[in-house]
There are 4 protein chains.
Amino acid sequence: MNQPTTAPIKSRRVAATEPKLPASEELTKSKRIVLSAALELFAANGYGSTSIRDIAQRANMKSSSLYNHYKSKEDILATLIEIGHIELFRRLRAAVVNAESAAASQLKAFIAANVRSQAEYPMLAVVVNHELHELGKKHIGPAMTLRAQSVELFLDILEKGKAEGVFNTPHPPSLAASAIGAMCSRIAEWFTPEHEQTIEKIESAHVDYALNIVGFNQ
Amino acid sequence: MNQPTTAPIKSRRVAATEPKLPASEELTKSKRIVLSAALELFAANGYGSTSIRDIAQRANMKSSSLYNHYKSKEDILATLIEIGHIELFRRLRAAVVNAESAAASQLKAFIAANVRSQAEYPMLAVVVNHELHELGKKHIGPAMTLRAQSVELFLDILEKGKAEGVFNTPHPPSLAASAIGAMCSRIAEWFTPEHEQTIEKIESAHVDYALNIVGFNQ
Amino acid sequence: MNQPTTAPIKSRRVAATEPKLPASEELTKSKRIVLSAALELFAANGYGSTSIRDIAQRANMKSSSLYNHYKSKEDILATLIEIGHIELFRRLRAAVVNAESAAASQLKAFIAANVRSQAEYPMLAVVVNHELHELGKKHIGPAMTLRAQSVELFLDILEKGKAEGVFNTPHPPSLAASAIGAMCSRIAEWFTPEHEQTIEKIESAHVDYALNIVGFNQ
Amino acid sequence: MNQPTTAPIKSRRVAATEPKLPASEELTKSKRIVLSAALELFAANGYGSTSIRDIAQRANMKSSSLYNHYKSKEDILATLIEIGHIELFRRLRAAVVNAESAAASQLKAFIAANVRSQAEYPMLAVVVNHELHELGKKHIGPAMTLRAQSVELFLDILEKGKAEGVFNTPHPPSLAASAIGAMCSRIAEWFTPEHEQTIEKIESAHVDYALNIVGFNQ
DNA sequence: CATGAATGAGAGTTCATTCAT
DNA sequence: GATGAATGAACTCTCATTCAT
């Protein structure tokens, strides 16, 4: 018999097939296996449509064994969502910090980092964006904090560009933030490494879109 | 005692509080009540997290009574999603048909109609966008067809603009379609009639964003 | 095949074999069947050792059907315990009210009623005495109230007898109450209608024991 | 930080807070720790409501470590129940043996020893009385033997007193045995060293009660 | 049309126990 | 002796659905 649980899952929610997780996290091997299995299933089918037994099967365990590593199904989702938020915010902040100080440079760096995150961890991004609401109040705190920080960082850049006189738009920044956030998030849903557009082109396009939206002149 | 089930539902998925449905549909009163209840719950909590009993309670019925009106829970979702797609496509097509024939005019009309749809039926839009994947193959056909038609209509406009020489962008049209589609869809998640931006301003902003993205000159 | 679930259950906790319930309660037929099944099993094996499936099987239902009648396993226990307390307290109070007003007469009536209750509903008595602690705070209120009323009623009689000068004992009333309560409760554990002692003799003996304990003279 | 598991457990089943065990037994330190932890939990919450993990936690171990000391959860209960029965019977027999030979003296000694046992090891007594039925046939033998011996010893005293002409009662001895046994056992449920009645007074009262019940003259 | 009751399937979770380390 | 991990079995309970009334 061949490996029973490794076939990719067909899904209309995410085109990617690899449940990729950031490497850095200090996770035991078992925890990673469980998270990967859950990530793939949550991304493809949703949290509610994934049973603890599904996860266990894909992780080559029995369902009761999962509880040696995570306290509950929700705990698994919370871990994934926290990892996703941490990774995204780390990248966004690093990008801005390392960019030249001009607002336009910072915006470019910010968008590029965002696009790359969506493309590199598409399943994680989909789960973060679509399943956040499944988390109860006890689990949602850390994610909301990081999310708020990302938004703030973005709005700060917009304001700075306005002050510099390089971002000119008659429309309120909150609308730009919503629109730009949405268009980046969407990438995770259709991107795969085999996509006909290279990631560089996708990045470049979205940087341009964002600059246009914020009214960047020259 | 006041009506027991009419209090709005707190949700992180949608800001709107009214489960508004297009008026036109030929629906019995009972069917509308059921659909409204389901719409509200699906939008707020998701299809998987909404039980048939939840819907029944909110519709002031017992769960078994639902089956006098719909064949299954999935049938209710399919109906909602079909209504949403029909309404959206009807508006998009009408907008384009009634617009002046210039590509830019058509694009403006298309985006405006899209934005208005999201704002007028935010719950329906959220359900359409987030719960489509819960539909099995038997139910998904009509929605997919309409969805494809909308995309085609949009891409036709882009191509026409290119041919006219008014849309100039180095980036592929599929990326523009994704970005513009995403930013319009997102509106449904945060818009309410009480939002600080009027719907006119939101429409105007998104029309501008879209024109920028497709590289409209003059 | 003969009826599959009607055989009595062997138990070291209760000798009785009939899960008898007071007739008066306004209970649907289904509710009574469930309660009887649960009573028998709780009395014989304990609440913790009885599964919801055991109850269902003995009630000739599927386990999920139980939930059409009771909200939870604990709800079933709470109902039984409340019925038991109500019945016992009703009998105690009626006995005292109908007795002659002399303290000794009231005590005799009180003890006789208590003994009869234990003998008539032995399973209910055993469950009430042994499983009360399984009830969470939400369910325990009514039972505790009735229990406290019974104790108070008993202590009032003791005090009255003391005041009348007919109950003379150097020992505190709380000890008498504990001892008498214990010896009555114990009856439920071994009594059956087939017991070699008639219920009249058992009643008479315990009345005498109680009178002796409270130091009744003449 | 202080020891995490030493706080007493709230319980409606037993008022005592110390899981006291007879000193004599030849038990390793670890075994005693496990037994104490189990005793406290079984007394407070019942055998069925206590998990092996609960016991381990209270014994500052992991659950798998318990199995280095006891073969099973039931083995722990069986050990406790055997210790309880041995201790009680040893005391009862010693009391009778050391008493003067008159039946009344023997009865007094027997009751006094019984009361003292309940008061000195209340948790053990509660577990012995309430959880005996959880033991399977394989484990119950020793306890039943000792229990039978205690009853026999008691009935022998009653008979002797009858023969001596000092115990006169119209009621059968089995009823007296039941009543007296019940009232002594009950003590374990409410006694604590801080109780407002001293153990001497409690003992004296129950000796009197017993003498009254068996119809002691003079 | 409405509903109380029934039910098979399956949910998430806990359990006592085993075993390799 | 201690323990992290694994696991089969069982748990209570919820689910969507059916059907007789």
Side-chain angles (χ1 to χ4, degrees), chain A residues 28-31 33-34 47-56 59-77, chain B residues 28-31 33-34 47-56 59-77, chain C residues 28-31 33-34 47-56 59-77, chain D residues 28-31 33-34 47-56 59-77:
Chain A
T28 65
K29 203 172 171 185
S30 292
K31 277 185 151 76
I33 290 173
V34 171
Y47 176 78
S49 299
T50 301
S51 80
I52 212 84
R53 283 173 175 82
D54 293 334
I55 301 172
N60 277 317
M61 294 177 185
K62 305 299 171 180
S63 62
S64 49
S65 303
L66 286 182
Y67 290 85
N68 292 317
H69 306 292
Y70 291 95
K71 280 194 304 210
S72 66
K73 188 186 169 190
E74 195 177 344
D75 187 24
I76 297 175
L77 177 61
Chain B
T28 64
K29 200 171 174 188
S30 291
K31 274 186 151 77
I33 289 173
V34 171
Y47 176 78
S49 298
T50 301
S51 79
I52 214 89
R53 281 173 175 82
D54 294 333
I55 301 171
N60 278 318
M61 296 177 182
K62 305 298 171 182
S63 61
S64 47
S65 303
L66 287 183
Y67 290 86
N68 293 317
H69 306 292
Y70 290 96
K71 278 192 309 204
S72 67
K73 188 185 167 191
E74 197 177 342
D75 186 24
I76 298 175
L77 178 61
Chain C
T28 65
K29 202 172 174 186
S30 293
K31 276 187 153 74
I33 290 173
V34 171
Y47 176 78
S49 299
T50 301
S51 81
I52 213 89
R53 283 176 175 81
D54 293 334
I55 301 172
N60 277 317
M61 294 177 182
K62 306 300 171 182
S63 63
S64 49
S65 303
L66 286 182
Y67 291 86
N68 291 318
H69 306 291
Y70 291 97
K71 278 195 306 213
S72 66
K73 188 185 167 190
E74 196 177 342
D75 187 24
I76 298 176
L77 177 61
Chain D
T28 65
K29 201 171 172 186
S30 291
K31 275 184 151 76
I33 290 173
V34 171
Y47 176 78
S49 298
T50 301
S51 80
I52 214 88
R53 280 173 175 83
D54 294 333
I55 301 171
N60 277 315
M61 297 177 182
K62 305 298 172 181
S63 62
S64 48
S65 303
L66 287 182
Y67 291 84
N68 293 318
H69 306 292
Y70 290 97
K71 280 192 306 204
S72 68
K73 187 186 169 191
E74 197 178 344
D75 187 23
I76 297 175
L77 177 61

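Proteins come first, then strands; the chains are lettered A, B, ... in the order of their sequence lines, and each starts at number 1.
Nearest-nucleotide assignment on DNA chain E puts the 5′-proximal partner with N68(B), out of S30(C) and N68(B). Comparing G48(C) and S72(B) by the nucleotide of DNA chain F whose heavy atom lies nearest to each, the residue mapping closer to the 5' end is G48(C).
In DNA chain E, stems built from 3 or more consecutive Watson-Crick or G-U wobble pairs, each with both distances under 3.5 Å, span E:2-21 with F:2-21.
Between S65(B) and dC1(E), a side-chain N or O to OP1/OP2 separation shorter than 4.0 Å is absent. Residue H69(D) places at least one side-chain N or O under 4.0 Å from the OP1 or OP2 atom of dA2(F).
Below the 3.5 angstrom threshold, one finds no donor paired with an acceptor across the side chain of R53(A) and the base of dG10(E).
Here dT14(F) presents its P atom at 12 Å from CG of L66(C), a figure rounded to the nearest Å. When rounded to the nearest whole Å, the span between CD of E74(D) and C1' of dT17(E) equals 14 Å. One atom, NZ of K29(C), and another, P of dA5(E), lie 13 Å apart when rounded to the nearest Å. Rounding to whole angstrom units, CG of residue N60(D) and P of dG1(F) are separated by 18 Å.
Rounding to the nearest 0.5 Å places CG of L77(B) at 9.5 Å from OG of S72(B). Interatomic distance, K31(B) NZ to N68(B) CG, rounded to the nearest 0.5 Å: 10.0 Å. If you take CD1 on I76(A) and OH on Y67(A), they are separated by 7.5 Å, rounding to the nearest 0.5 Å. Here L66(B) contributes atom CG and K73(B) contributes atom NZ; the two are 11.5 Å apart, rounded to the nearest 0.5 Å. Residue Y70(A) holds its OH atom at 14.5 Å from OG of S65(A), rounded to the nearest 0.5 Å.
Across all strands, T28(B) comes closer than 4.0 Å to no nucleic acid atom at all (heavy-atom distances). Across all strands shown, S49(C) has no heavy atoms under 4.0 Å from either base or sugar-phosphate atoms. Here S51(A) lies in heavy-atom contact (under 4.0 Å) with sugar-phosphate atoms only.
With dG8(E), dT3(F), dT13(E) as the choices, the nucleotide that has an atom nearest any side-chain atom of K73(A) turns out to be dT13(E). Comparing dT3(E), dA6(F), dT7(E) by their closest approach to the side chain of M61(B) singles out dT3(E).
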Write down the protein N/O and nucleotide N/O pairs, taken from nucleotides 18-21 of chain F, whose separation is under 3.5 Å; answer none if there are no such pairs.
none

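Residue A59(A) comes nearest to V34(A) through the heavy atom pair CB-CA, 4.3 Å, listed as atom of the first residue, atom of the second, then distance.
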